[in-house]
Protein chains: 2
Amino acid sequence: MIRVAILGYGNIGRAAEEAVKAAPDMELAGVFHHDDCLSCIGADVVLVCTPTREVQKFATVLAARGICTVDSFDIHRQIASLRSALDAVCAANRSVSIISAGWDPGSDSMVRALLMALAPKGLTYTNFGPGRSMGHTVAAKAVKGVRNALSMTIPLGTGIHRRMVYVELEDGADFKTVEAAILADDYFAHDETHVIAVESVEALNNVAHGVNLVRDGVSGCTHNQRFEFNMTINNPALTGQVMVSCARAAVRLKERGVYGAKTMIELAPVDLLPGTVEENVRALV
Amino acid sequence: MIRVAILGYGNIGRAAEEAVKAAPDMELAGVFHHDDCLSCIGADVVLVCTPTREVQKFATVLAARGICTVDSFDIHRQIASLRSALDAVCAANRSVSIISAGWDPGSDSMVRALLMALAPKGLTYTNFGPGRSMGHTVAAKAVKGVRNALSMTIPLGTGIHRRMVYVELEDGADFKTVEAAILADDYFAHDETHVIAVESVEALNNVAHGVNLVRDGVSGCTHNQRFEFNMTINNPALTGQVMVSCARAAVRLKERGVYGAKTMIELAPVDLLPGTVEENVRALV
């Protein structure tokens, strides 16, 4: 049995706990608060379910002690530098860190890489939603006069998105002023954005999300090869599950002596699954 | 540059040649007929584009000489035994064989494995078509009174398929007799099958094909996670492209000293792509 610890117990930590308990080849070594990071020592692999900006700190501490980690770090433009920094720590301490192991970045990244291999020339569009954007929600909440907010991402195709921003106003706040501030914010200024006042943002709460990932391209010299990947999912449940599946891959890579920090495009799908390679070949190939 | 030889020059061999020529990191070492198998020695990797039943013979000869191979062996129930037999030859001779590297088995297998990792409980259905089924076409052609035939696979959902069989009759053949023989054949007896007489089967020739692969399942303990992969493609062009992308993976695994026979679920998507891991992480994760 793979002994899995969970560090951080928000939405993702809770979902990861459920996925560990449902896994036939894993046991829960414990759920720990950030302050208690070193209590994770003794686990084979730690799921770092902290806020994304704290991932590097905790993953580094654990990797330096030879413990495998998995995180769902999701700031796309910083992934390569996180990978590079953690890779050195892992290599020096015989550990494996699987980084950015969520659904995007994560499983969508694997699909994008596969589709590039199937049609090397062409265009890929990743369309998100309908679903809540964390970054845009935080930006809307920060506007003066907003008590609570929810920014929904609505896919319009070809990677273009509409922002539907639901705001709960503080007493005495002026809607037109709040609306203007949101529309002027750099998070919203470049997209079609609609601001709507509501009585209760909590009443709209829904962790559903979706993806429509499209690639039209060329295989060899043959055009008009069309591929599409769609999903509608519970966001934290899928993130937690992806992290747990990647925990398995981390332990296997370590067993093979393949140390380092890896993104999901560097993992073989079979290493995400319980059972032997032979069993999975018979069932899935 | 990776030196790629092609063994066999049918539809797949021709498409593979185009994909090699389009690859930025490959050069064509030659295209050879089956009789001339050993002329492939000197290539880094050989694409075995022979009929599927001859794949094992040629791949074994080449792997035994330490040469990497890629094939698109497509008899699902024999894949595990081909893998096992070739694996021993590769391990003993420091070579790598990527087997069943087409779109199904092949890239669809990678998608099925990934979806199992995202939602470990649930049902996956692979729906094929519309497109020509080689096996069913051969079965229809073998019926007495049939000069030429084409069996199209039409997806009806949940892995159920309709067979549309277009037959060109020999002079004097009786349609009703031919129809009855086809409907009684074990290839057709279990599916909804329609037999249609046409003047010219050649006039219907079209190498388009499609897939609709669906998984509805459970991540952790959260139900209603829905995933779908669709494609509409030129069949030999995609098969040739997949083989060429896998040729890259074979050479990389050999460089790392990871010898053996592998199916595509055992490959990391990034190994299918030109460029460095770092470049692909920046572009695709």
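Just so it is clear: chains get the letters A, B, ... in the order the sequence lines come, proteins before strands, and each one is counted from 1.
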Does any heavy atom of chain A fall under 4.5 Å from the side chain of [X], the backbone, both, or neither of them?
X      : value
B:L115 : side chain
B:R215 : neither
B:L267 : backbone
B:R282 : side chain
B:S109 : both
B:N280 : both
B:S107 : both
B:D108 : neither

- Note on the structure: dist A:N224:CG -> B:T232:OG1 (nearest 0.5 Å) comes out at 6.0 Å
- Item | Distance (rounded to the nearest 0.5 Å) between B:I265 CD1 and A:L272 CG |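 Spacing of CD1 (B:I265) from CG (A:L272) equals 10.5 Å.
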Residue selection (most heavy-atom pairs with chain B, distance under 4.5 Å) from [options]:
options                       : answer
A:R256, A:R77, A:Q241, A:M231 : A:Q241
A:S84, A:G210, A:A80          : A:A80
A:T222, A:L118, A:T263        : A:L118
A:L238, A:V20, A:L114, A:D271 : A:L238

- So what's closer than 4.5 Å to chain B heavy atoms on A:R83: side chain, backbone, both or neither? side chain
- Query: Side chain, backbone, both or neither: which part of A:S219 has an atom under 4.5 Å from a heavy atom of chain B?
  - Reply: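 Both the backbone and the side chain of A:S219 come within 4.5 Å of chain B.
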- Message: So B:V285 and A:H76, do their side chains get closer than 4.5 Å, heavy atoms only?
- Response: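 A side-chain contact is absent here, since even the closest heavy-atom pair is not under 4.5 Å.
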- Using a 4.5 Å cut-off on heavy atoms from C-beta on, say whether the side chain of A:N234 contacts that of B:Q225. yes
Any sub-3.5 Å donor-acceptor pair from [X]'s side-chain atoms to [Y]'s backbone N or O?
X      : Y      : answer
B:R112 : A:L284 : yes
A:E266 : B:V270 : no
B:E18  : A:G220 : no

- Might you work through the side-chain contact (heavy atoms from CB on, under 4.5 Å) test for B:V211 and A:F227, ending with a clear yes or no? CA-CA 9 Å; B:V211 164; A:F227 308 87; over 6 Å; no
- Query: When heavy-atom pairs shorter than 4.5 Å are enumerated against chain A, which of B:A117, B:S245, B:A113 gives the highest number?
  - Reply: B:A117
- Under a 4.5 Å heavy-atom cutoff, which of B:E228, B:R248, B:K262, B:K121 has the most pairs with chain A? B:E228
